[in-house]
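Sharing a structure here in structure tokens format.
What you see below is based on every heavy atom in this structure, not just the backbone, and it leaves out hydrogens, waters and symmetry mates. Model, not experiment: these values are computed from the prediction.
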Number of protein chains: 2
Amino acid sequence: MHVDVLQTLADPTRFRIVEVLRGGERAVNDLVEQVAIHQSGVSRHLRILTEAGFVQVRPDGPKRIYSLRPEPFRELDAWITQYRRLWEARLDRFAEELDRRQHARKRKETEP
Amino acid sequence: MHVDVLQTLADPTRFRIVEVLRGGERAVNDLVEQVAIHQSGVSRHLRILTEAGFVQVRPDGPKRIYSLRPEPFRELDAWITQYRRLWEARLDRFAEELDRRQHARKRKETEP
DNA sequence: CGTGCATATGCATATACGTGCATACGACGG
DNA sequence: CCGTCGTATGCACGTATATGCATATGCACG
């Protein structure tokens, strides 16, 4: 895995933004209301998140609608799998197989 | 989840240390050889990792043997589960159930 | 076109943090 | 005891980075 993914998420404000976006796509101003910092800051964080692959933008009139992208989360999930043996022992194989199936399926389905 | 976990991992040197420790317990000097910074820095990082719950120490003569602890990884894994729906859709429930079973097995969790 | 709303960017600042150096602390062997 | 090896800590420094303010850019509508 790559530390950049972690560094991107490690900032409290960006983390919050990501969590809000988990609830669905949002315009910049909607995010500003939830994060307690100035709008310029939010825009800059969104830039960073975009460059790191966490979010994508869709213009809607004068607004810009941001939403999450799966890749970095997937990467993180794949990485942490290597550490599952720390708390599993017996279920390890089972989990790995599940993981394999998920990756194999690769069904794309957008959200509820 | 809590950002501290991410912040702790977000430093390249600490990340490296964690990855090395995935291979098993190590004394401080063993780690120093692998991370390209001064020994004092490594000790400092180990302190941070300890306080964040990532590692534990075991004295061995004059040496100190560090090893990984599962909790923060578990926490991270639990958090990322919320985002699995970004790339899965149907297997989500299955994964959750597996997760539940894992948690049920090891019900032991409190610390300093 | 000009006005207003939504978002991005340049500049300046403060603060946090990783790092090295020197040194202190602790354990063990002679 | 005394010295040495292994590790932790105080101090000083440089740098990265998050933030606010002011302003630029972009888009819609009258």
Side-chain angles (χ1 to χ4, degrees), chain A residues 1-21 23-69 72, chain B residues 1-21 23-69 72 76 112:
Chain A
M1 226 248 317
H2 312 83
V3 191
D4 338 356
V5 176
L6 294 166
Q7 284 173 333
T8 305
L9 277 173
D11 177 78
T13 306
R14 280 196 296 272
F15 185 80
R16 180 102 181 82
I17 290 176
V18 167
E19 293 245 282
V20 173
L21 286 178
E25 51 177 30
R26 303 287 155 101
V28 180
N29 263 337
D30 299 342
L31 294 171
V32 173
E33 293 172 6
Q34 313 246 359
V35 280
I37 72 165
H38 196 271
Q39 171 264 320
S40 65
V42 173
S43 274
R44 231 172 288 117
H45 282 303
L46 285 169
R47 185 163 143 74
I48 295 173
L49 286 167
T50 305
E51 286 168 353
F54 278 87
V55 302
Q56 54 192 356
V57 207
R58 169 174 67 82
D60 174 40
K63 301 188 178 185
R64 301 210 163 216
I65 314 292
Y66 284 85
S67 55
L68 291 181
R69 285 164 49 84
Chain B
M1 226 246 318
H2 314 82
V3 192
D4 338 355
V5 175
L6 293 166
Q7 283 174 333
T8 305
L9 277 172
D11 176 77
T13 306
R14 279 195 297 270
F15 186 80
R16 181 100 182 81
I17 290 177
V18 167
E19 294 247 279
V20 173
L21 286 179
E25 51 175 32
R26 303 287 155 100
V28 179
N29 263 337
D30 298 342
L31 294 170
V32 174
E33 292 172 7
Q34 314 245 358
V35 283
I37 72 166
H38 195 272
Q39 171 264 320
S40 65
V42 173
S43 274
R44 222 174 230 299
H45 283 304
L46 286 170
R47 184 163 143 76
I48 295 172
L49 287 167
T50 305
E51 286 168 352
F54 277 87
V55 302
Q56 55 192 354
V57 207
R58 169 172 68 82
D60 174 39
K63 300 190 180 185
R64 301 210 163 214
I65 312 293
Y66 284 85
S67 55
L68 291 182
R69 286 164 49 84
L76 232 173

* Asked: What residues, two or more places apart in sequence or in another chain, satisfy side chain to side chain donor-acceptor pair (under 3.5 Å) together with A:Ser67?
  -> A:Gln56

* Kindly write out the residues that satisfy side chain to side chain contact (heavy atoms under 4.5 Å, CB included) with B:Asp30, not counting sequence neighbours, or none if the list is empty. => B:Arg26, B:Ala27

* Structure fact -> Sorted by chain and residue number, the side chain to side chain contact (heavy atoms under 4.5 Å, CB included) partners of B:Glu51 (sequence neighbours excluded) come out as B:Arg47

* To do: Provide, to the nearest angstrom, the distance between the CZ atom belonging to A:Arg26 and the P atom belonging to C:dA6.
  => 17 Å

Validation: residues 33-41 of chain B side-chain donor-acceptor distances under 3.5 Å, sequence neighbours left out:
residue	atom	partner	partner atom	Å
B:His38	ND1	B:Ser40	N	3.1
B:His38	ND1	B:Ser40	OG	3.1
B:Gln39	NE2	B:Ser43	OG	3.3

* Asked: What string of B, S and - do you get for nucleotides 7-20 of chain D, 5' to 3', when a contact is any protein heavy atom under 4.0 Å?
  -> BBBB-------SBB

* Structure fact -> Note, DNA chain D 5' to 3' with Watson-Crick or G-U pairs under 3.5 Å encoded as ( ), [ ], | and . gives ||||||||||||||||||||||||||||||

* **Partner residues of A:Arg69 under the salt bridge (Lys or Arg N to Asp or Glu O under 4.0 Å) criterion, sequence neighbours left out** =>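 By the salt bridge (Lys or Arg N to Asp or Glu O under 4.0 Å) rule, A:Arg69 matches A:Glu71.
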
* Sequence neighbours excluded - salt bridge (Lys or Arg N to Asp or Glu O under 4.0 Å) pairs with any residue from residues 56-66 of chain B ->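 Applying salt bridge (Lys or Arg N to Asp or Glu O under 4.0 Å) to every pair that reaches into residues 56-66 of chain B, excluding sequence neighbours, yields B:Glu25-B:Arg58.
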
* Structure fact -> Residues passing the ring pair (Phe, Tyr, Trp, His ring centres under 6.0 Å) test with A:Tyr66, sequence neighbours excluded, are none

* Look up atom CZ in B:Phe15 and atom CD in A:Gln7, then write down how far apart they are to the nearest 0.5 Å. => 10.5 Å

